[in-house]
Amino acid sequence: MKNKDPDYVAKLEKAIADKYGKETIAHPKAEWDDEKEREYLKELKTNYRSHEREQEKKEVNGVLISTELLNRETKRSCPTCSKYSFKSVDDLYMTKFDCCFNCYIQWVEGREERWKTGWRPNK
Ligand SMILES: [Zn+2]
């Protein structure tokens, strides 16, 4: 990951200290039982993952867009003909058949079995 925040672990520890009490961080072993430690590790992992997701952003035309959103957006272009579409009808066929409405008419309609076996037109 790029741009790792060097203060991140410290911030995370503070956040956990706020939630579980200062002793948690100051005397991890003394005040802890296994249950608490498991909770702590779980918390650490969850926080770390959401932190990483936050960092996964790409600059598109000067605007930071999360890659999660970008990945969703790429589903808007048809994998078969590469047409980019915001039409909900294309959305529907994209979800169902992995192609846009036009491609459905052209390649899938009446031949759904062939399509489902993975057949695709030559590009
Ligand atoms: Zn298409």
Side-chain angles (χ1 to χ4, degrees):
M1 287 273 98
K2 338 99 216 168
N3 305 326
K4 254 214 171 84
D5 183 352
D7 295 330
Y8 179 63
V9 174
K11 279 184 206 157
L12 193 62
E13 288 199 329
K14 195 195 167 297
I16 291 169
D18 288 347
K19 186 169 174 181
Y20 293 98
K22 282 264 180 285
E23 312 77 40
T24 309
I25 301 304
H27 312 287
K29 286 288 167 228
E31 307 279 334
W32 273 29
D33 48 37
D34 288 350
E35 188 61 34
K36 242 184 176 177
E37 188 168 330
R38 260 198 298 277
E39 279 293 302
Y40 173 79
L41 290 175
K42 209 171 82 190
E43 187 100 344
L44 198 73
K45 252 189 233 159
T46 325
N47 275 304
Y48 198 75
R49 254 188 247 125
S50 58
H51 178 71
E52 281 198 331
R53 248 200 307 272
E54 237 172 74
Q55 300 246 312
E56 282 176 38
K57 284 182 180 162
K58 264 193 186 155
E59 205 179 305
V60 178
N61 300 326
V63 182
L64 276 179
I65 297 177
S66 78
T67 46
E68 215 176 317
L69 191 71
L70 280 175
N71 290 341
R72 214 179 310 150
E73 289 303 307
T74 55
K75 287 219 178 96
R76 296 205 161 276
S77 69
C78 172
T80 304
C81 70
S82 308
K83 188 180 96 161
Y84 194 77
S85 171
F86 279 107
K87 284 190 205 142
S88 56
V89 62
D90 287 329
D91 236 20
L92 186 79
Y93 283 92
M94 218 86 92
T95 311
K96 213 170 165 196
F97 296 104
D98 217 23
C99 70
C100 66
F101 179 64
N102 278 341
C103 286
Y104 173 79
I105 295 295
Q106 203 174 349
W107 309 108
V108 188
E109 196 180 34
R111 291 161 289 179
E112 286 179 24
E113 284 313 312
R114 180 180 68 167
W115 189 263
K116 276 178 197 154
T117 61
W119 178 91
R120 294 295 180 272
N122 291 325
K123 279 176 198 172

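Counting starts at 1 for both ligands and their atoms, following the listed order. Worth knowing before you read on, the calculation uses all heavy atoms, side chains too, and leaves out hydrogens, waters and symmetry mates.
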So CE of Met94 and NZ of Lys96: to nearest 0.5 Å the spacing works out to 15.0 Å
Trp115 vs Tyr104 side-chain heavy atoms within contact, under 4.5 Å | no
Do Cys78 and Cys99 come within less than 4.5 Å of each other through their side chains, counting heavy atoms only?
-> yes
Can you see which heavy atom on Asn102 is nearest to which on Lys83, and at what distance?
-> ND2-NZ, 3.6 Å
Rounded to the nearest 0.5 angstrom, the CZ-CZ distance for Arg114 and Arg120 is 10.0 Å
Any protein N, O or S atom under 2.8 Å from the Zn ion (ligand 1)? Found Cys78 SG, Cys81 SG, Cys100 SG, Cys103 SG
Check whether any side-chain heavy atom of Pro121 sits under 4.5 Å from a side-chain heavy atom of Trp119, and report yes or no.
-> yes
